[in-house]
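Here's the structure we're looking at; comments come further down.
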Amino acid sequence: MKHLLTVLIIVLSFTSVTVSAQNTTPEDIGQVIQKSDVEFDVYFLASDEFLGRDTGTQELKIASRYIATRFQQYGMQQAPGLDRYYQNVPFLMNRAPESVQISAGDSLFTMGQHLLSTGSFRGDIEASTIMLEYASEEEIAEHDISGKIVVAKAGLPGMDSPQQLFQISSQKRAQIAEAGGAGLIERYENPQLPWPVLTGYLTRDQLSLDSEDASEEPENEIPHIWIHTQPEGMNTFLDGQNGETVSLSVEGAEPEPFYSRNVVGIIEGSDPELKDEYILLSAHYDHTGTTGDPSQENYINNGARDNAVGTAGILAAAKYLSENPPKRSVIVAAWTAEEKGLLGSGYYAENPPIPLNQTVYNLNIDGAGYNDTTKVTVIGLGRTEADDDLKASAKAFGLEAIPDPVPEQNLFNRSDNVHFARAGIPSPTYSMGLTAFDDEINQYYHLPTDEPDTINYDYVTSYVRSFVMAAYLVGNADNAPFWLPGDEYEEAGIELFNKQ
């Protein structure tokens, strides 16, 4: 590790920034953004020494220092209220339960086959149950749930994606706790995320944001159990327990608090009027760590494609735009804990150092990899007024911008951009050329095979340069690009930017 840091210091010491013309051309960007620089960033961040950049590790902290050092090198401003370039994000490490049990009458149900626990509750309770359909906010308000364990279907009507189920379940838990409920049991049936896969996820250590909200304090945390309805006896148990008393036990270590960092730098815009508007360029710099078995020859999930390439992309934009600022100001942000549930970007969206109503556009980089080196896949193409600029930027470097090829996967709402879209900010994700989730993607995605020496750097450099061009064009547009009419987030944007 000492050798790695020595190399970092030497390289940063001799790296210079080239100044190009104010009216940016592809040739200008090509002169500044060199293939060797992009390649170095990816090789460095995806090296074995970083052990997969897992959130909460010393290795990810070193990666954040690398990014912040580059921001400092480019003369970027620090965002108001932050510690240098760092936004410290408070987390709780929720250790996996050692045991989860529910007993009712003569029946005993245990962790894994029958049920799983989420949240930080540890302890024992005994309470009567109350059956609701979905435990929606309206249902909770209509029933007296004080001191009772609520049993309901997972999610809400019309929700299909696992991500939606996870997001709404935490809201349900908070609402039930606020109403005095003793616990929540959700009936899980979702073919998109089979029970064995969910078991593998929820029997691992989990991260959550450490909230100061009273409903999240340990003394007010309630048990939250997901029950698999398929094993024999489960439906009989669920259908017969309304009003009856059950005993519930969750054993394991208490949550451990710690901090990780978002890294945020500011480039002031060149126009006296438009510089109060900001475009946000973002990418997550964390990954999934290791397979957990160091006896394997290759056990490190290096995360070259996901998302060392994205981090290299925003660093390239920081380098170029620092010397060639567009009319609007630019926020460059590297998010932590994307792989843990989009947590770092979510914290920023709730605690923005620059007000969100001044952030007029977010161009995010994320993706599973690429299988077409002639394309840029824009998750959100066809949804904002910046389409022409995004297409032109790709074309300028010999690439074609295409829309989401797998809309059924709901990719737009599965990356960091979604927090800003929900707030009303137009927020596409600028991904490498993905045309399908095929073998070319799956052989690398979240696997130890995603190493830096497997990447086509001629293509990746063109892709990164096109991202820089897109950022410059959006930052220089006469009018900030907005959602196209009818988009699901248009109303949120109208409210955020007071367009009524």
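Note that the coordinates shown come from a computational prediction; the quantities given were computed from them, not determined experimentally.
There is a side-chain donor-acceptor pair under 3.5 Å between Arg305 and Thr454. Asn364 and Ser282 are linked by a side-chain donor-acceptor pair at a separation below 3.5 angstrom, with hydrogens and angles left out of the test. Residues Asp450 and His287 bring no donor and acceptor atom of their side chains to less than 3.5 Å of each other. A donor-acceptor contact closer than 3.5 angstrom links the side chains of Thr25 and Asp28. For the residue pair Asp210 and Tyr259, no side-chain donor N or O sits within less than 3.5 Å of a side-chain acceptor on the partner. Under 3.5 Å, the side chains of Asn94 and Asp205 contain no donor-acceptor pair of N or O atoms. Looking only at atom types and distance, the side chain of Thr24 has no donor-acceptor partner in the side chain of Asn324 under 3.5 Å away. Between the side chains of Gln409 and Arg414, at least one donor-acceptor pair of N or O atoms lies under 3.5 Å. A side-chain donor-acceptor contact under 3.5 Å links Tyr430 and Ser466. Asn413 and Asn410 form a side-chain donor-acceptor contact under 3.5 Å, judged by distance and modelled atom types alone. Looking at Thr291 and Asp293, their side chains never bring a donor and an acceptor atom within 3.5 Å of each other. Between Asn417 and Thr429, the side chains place a donor N or O and an acceptor N or O closer than 3.5 Å (distance only, hydrogens not considered).
No more than 12 heavy atoms of other residues, nucleotides or ligands lie within 6.0 Å of CD in Glu137, so this atom counts as exposed by the packing criterion. Atom CG of Asp439 has 12 or fewer neighbouring heavy atoms from other residues, nucleotides or ligands inside a 6.0 Å radius. Atom CD of Glu408 is surrounded by more than 12 heavy atoms from other residues, nucleotides or ligands within 6.0 Å. Other residues, nucleotides and ligands place no more than 12 heavy atoms under 6.0 Å from the CD atom of Glu495. For Gln358, the CD atom counts as densely surrounded, since its 6.0 Å shell holds more than 12 non-hydrogen atoms of other residues, nucleotides or ligands.
Using a cut-off of 4.0 Å between Lys/Arg side-chain N and Asp/Glu carboxylate O, Arg53 and Asp286 are scored as not salt-bridged. The existence of a salt bridge linking Arg70 and Asp41 is confirmed by a sub-4.0 Å separation between a basic side-chain nitrogen and an acidic carboxylate oxygen. Between Glu256 and Arg95 there is a salt bridge, since a side-chain N of the basic residue sits under 4.0 Å from a carboxylate O of the acidic one. Under 4.0 Å is where a charged nitrogen must lie from a carboxylate oxygen, and between Asp458 and Lys35 at least one such pair does.
Residue Thr336 comes nearest to Leu60 through the heavy atom pair OG1-CD2, 3.4 Å, listed as atom of the first residue, atom of the second, then distance. Across every non-hydrogen atom of Glu385 and Ala480, the tightest pair is OE1-O, 4.0 Å. Here the closest non-hydrogen pair linking Ala333 and Leu280 is CB-CD1, 3.9 Å.
Atom OG of residue Ser431 and atom CG of residue Asn307 lie 8.5 Å apart, to the nearest 0.5 angstrom. Distance check: Glu277 CD to Leu274 CG gives 5.5 Å after rounding to the nearest 0.5 Å. Summarising the geometry, atom OG belonging to Ser415 is positioned 9.5 Å from atom CD1 belonging to Ile379; distances are rounded to the nearest 0.5 Å. The CD atom of Gln77 sits 12.5 Å away from the CG atom of Leu82 when rounded to the nearest 0.5 Å.
For the pair Lys275/Lys327, no side-chain contact is recorded, criterion being any heavy-atom separation below 4.5 Å from C-beta on.
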Report task. Go through the steps for Asn371 and Thr435 under the test side chain to side chain donor-acceptor pair (under 3.5 Å), then give the verdict. Result -> CA-CA 7 Å; Asn371 54 16; Thr435 58; 3.1 Å; yes

Requested in this report: Go through the steps for Asn88 and Arg261 under the test side chain to side chain contact (heavy atoms under 4.5 Å, CB included), then give the verdict.
Outcome: CA-CA 5 Å; Asn88 292 319; Arg261 298 162 165 172; 3.7 Å; yes

Requested in this report: Could you walk me through whether Tyr445 and Phe437 pass side chain to side chain contact (heavy atoms under 4.5 Å, CB included), step by step?
Outcome: CA-CA 10 Å; Tyr445 182 57; Phe437 279 98; 5.6 Å; no

Requested in this report: Mind running side chain to side chain donor-acceptor pair (under 3.5 Å) on Gln87 and Asn262 for me, showing each step along the way?
Outcome: CA-CA 5 Å; Gln87 182 181 47; Asn262 291 327; 3.0 Å; yes

Report task. Show your reasoning for whether side chain to side chain contact (heavy atoms under 4.5 Å, CB included) applies to Thr311 and Ile67. Result -> CA-CA 9 Å; Thr311 308; Ile67 296 166; 3.8 Å; yes

Query raised in the report: Should Asn298 and Glu451 be marked as a side chain to side chain donor-acceptor pair (under 3.5 Å) after you check the CA-CA gap, both sets of side-chain angles, and the distance that decides it?
Result: CA-CA 10 Å; Asn298 189 1; Glu451 299 202 60; 3.1 Å; yes

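Relative ring orientation between Phe91 and Phe258 is described as parallel, the plane-to-plane angle staying below 30° on a 0-90° scale split at 30° and 60°. Ring pair Trp226/Tyr188 is parallel by interplanar angle, where below 30° counts as parallel and above 60° as perpendicular.
With a 6.0 Å cutoff to the six-membered ring centre and a 45° limit on the axis angle, Arg383 counts as a cation-pi contact of Phe412. A cation-pi arrangement, defined by a distance under 6.0 Å to the six-membered ring centre and an angle within 45 degrees of its axis, is absent between Lys375 and Tyr370.
The side-chain contact (heavy atoms from CB on, under 4.5 Å) with Ile331 is formed by just one residue from the set Leu281, Ile266, Ile267, Asn362; it is Ile266. Evaluated for a ring pair (Phe, Tyr, Trp, His ring centres under 6.0 Å) with Tyr457, the options Tyr43, Phe40, Tyr463 yield exactly one hit, Tyr43. When each of Tyr361, Trp335, Tyr489, Tyr278 is tested with Phe420 by the rule ring pair (Phe, Tyr, Trp, His ring centres under 6.0 Å), just one qualifies, namely Trp335.
In this structure a side-chain-to-backbone donor-acceptor pair under 3.5 Å is missing from Asp37 to Ile33.
Applying the ring pair (Phe, Tyr, Trp, His ring centres under 6.0 Å) test to Tyr85 and every residue at least two apart in sequence or in another chain returns Phe71.
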